[in-house]
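Below, chains carry the letters A, B, ... as their sequence lines are ordered, and counting in each starts from 1. Remember, it's a predicted structure, so these values are computed and weren't measured experimentally.
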Amino acid sequence: MRITRETSGENLFSRIGRAGRLMVESFAFAPHVLLNRDARRTMLFQLYSTGIRTLPVITVVGLFTGMILGLQVGLALRKFNQEMYLGAAVMITLIREMGPFVTGICLSACVGSAMAAELGTMTVNDEVAALEIMSIPPVRYLVAPRMMALLVMSPILAFYACILGVMGGGLVGYTQLNVPFAQYMASAMSIAELKDLFTGLLKAAVFGVVIGTVSCHEGFETKLGAVGVGRATQRSVIISFLLILMFGYMITRLFYFDF
Amino acid sequence: MIHFENVCKNFDGKQVLAGVSFDVVEGEILAIVGPSGTGKSVTLKHIVGLLTPDSGTVTVREGARIGYLFQGGALLAWLTVRENVSLPLRETTKLSEDEIARQTDEALKAVGLEESADKYPAEISGGMVKRAGLARAIVRHADAVLYDEPTSGLDPVTAQTIHRLIRRLNAEQKLTSVVVTHDLAGACSFADRILMLKDGCVVLVATPEEFLKSDIPAVREYVIASKGEL
Ligand SMILES: Nc1ncnc2c1ncn2[C@@H]1O[C@H](COP(=O)(O)OP(=O)(O)OP(=O)(O)O)[C@@H](O)[C@H]1O
Ligand SMILES: [Mg+2]
């Protein structure tokens with residue numbers, strides 16, 4: 001696919017089609033990213049910067065998500081004298097839904113936005129066209145390493161967010177609701193199944209790919225200079241948010257209904 | 001080498017090229033001049049396939065390698081000048097590191113940038129960015145190089161250096177060059193032929209002498225306006 005060739009239509013469906021092709025092509029270049037030394041180095045750098053950019057935010061977000069969950073659920077459980085189940089409730093909510101969800105939100109805000117701005121600036125500065133003219137596919141050189149990095153990093157960060165969230169919930173349980181930590185952890189570990197962990201991590205991986213696709217696509221479709229770059233950044237975050245919600249629902253529906 | 005036949009191009013209903021026909025002969029330097037917004041950059045983009053005509057045909061000699069010097073240089077900001085220049089070799093050939101280094105140095109030498117090779121694009125001047133872009137365009141032994149306003153925004157002395165460079169590379173490396181420029185005096189000094197575009201049409205293609213003497217009103221107006229600058 002030639003990125004810089006005139007776009008074949010502005011309507012929603014042709015945009016979705018182009019974004020979809022961008023995603024498929026970037027996965028077709030996955031072997032190149034793994035085998036080529038330069039491409040591998042780019043991917044490692046992207047992995048590193050994805051992790052570093054997101055880590056501080058996700059630490060705070062993960063911890064507080066767990067604390068809020070712990071407090072709200074704990075207060076509800078206390079009404080029925082069931083505080084011993086606090087760990088289970090926090091754990092299940094976090095690994096199935098909230099962990100991947102907050103990771104997606106943080107990644108989109110911290111990494112996706114920057115990707116859209118970076119590729120958007122490159123597009124309006126003709127750098128993407130220059131790659132194309134030099135027969136270097138921009139999808140291979142720019143998108144594939146970023147996509148791989150998001151695909152790998154997103155589940156890792158989601159796992160990290162879950163751990164911190166569970167800790168946060170336990171902290172609130174112990175300090176505010178008099179739930180012993182050992183009891184909290186026992187309850188948490190008793191409910192967690194491997195399936196929950198896998199669907200949670202799968203969700204995070206899907207969110208990573210969604211963010212990569214949307215951000216790179218918006219970057220490449222940037223027009224009209226600096227204004228366009230701003231708009232591409234904004235659009236990438238909004239569209240990622242919406243898709244994260246929708247895909248989150250769909251994956252939950254797929255794995256937890258009728259089972 | 002390059003052949004345009006009745007090329008038309010519209011953007012959102014606005015006609016930018018209205019039947020453009022011309023040839024670029026092997027080995028020549030063709031300068032394209034004309035007022036802003038008449039589709040000079042659009043014409044260049046058709047040659048490399050970044051744009052496709054609505055009607056008419058653009059043909060380029062089979063297998064010709066085309067280098068493109070963008071108006072802003074279009075260097076990648078996170079690579080040094082040397083890495084930028086070696087990028088096409090690294091990404092599209094299987095040459096050894098030594099060979100890549102040798103050919104990169106050769107291209108850097110051709111544009112006189114050996115000294116600043118390890119700086120980043122943000123650390124060098126506008127003229128050097130253009131020369132780096134040029135080195136990158138020729139590093140894979142291009143057959144033709146397209147220059148989009150290689151001297152805009154440069155002082156007259158640097159501009160003259162670039163003009164001489166275009167001339168020299170064309171001779172040394174047997175290139176074919178198409179140069180979009182606003183500098184008519186400069187174009188007369190280095191070009192074999194000058195093409196004037198106006199309102200999406202070719203007004204005149206002629207040698208510099210004929211161009212300056214032409215009595216086509218649009219050309220006369222352009223020539224007189226350019227002289228006023230001197
Ligand atoms: N991708 C595009 N989409 C829409 N319109 C475009 C596009 N590219 C160029 N145009 C329009 O085509 C016209 C010609 O543009 P072009 O860049 O070729 O002008 P130019 O002759 O190079 O001018 P300048 O000397 O200022 O660089 C302009 O009006 C521009 O707005
Ligand atoms: Mg132009």
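Taking the six-membered ring where the residue is Trp, A:Phe45 and A:Tyr48 present tilted rings, their angle falling between 30° and 60°. Ring geometry, B:His46 versus B:Phe4: the interplanar angle exceeds 60°, so the pair is classed perpendicular (tilted spans 30 to 60°).
Side-chain polar atoms of B:Thr151 and B:Asp183 form no donor-acceptor pair below 3.5 angstrom.
Both the sub-6.0 Å distance and the 45° axial angle are not jointly satisfied by A:Lys203 relative to the ring of A:Phe207.
Contact annotation for A:Asn125: only backbone heavy atoms (N, CA, C, O) come within less than 4.5 Å of a heavy atom of chain B. Only the backbone of B:Ile66 comes within contact range of chain A, judged by heavy atoms closer than 4.5 Å.
Per-residue counts of heavy-atom pairs under 4.5 Å with chain A were compared for B:Arg90, B:Arg140, B:Glu91; the largest is that of B:Glu91.
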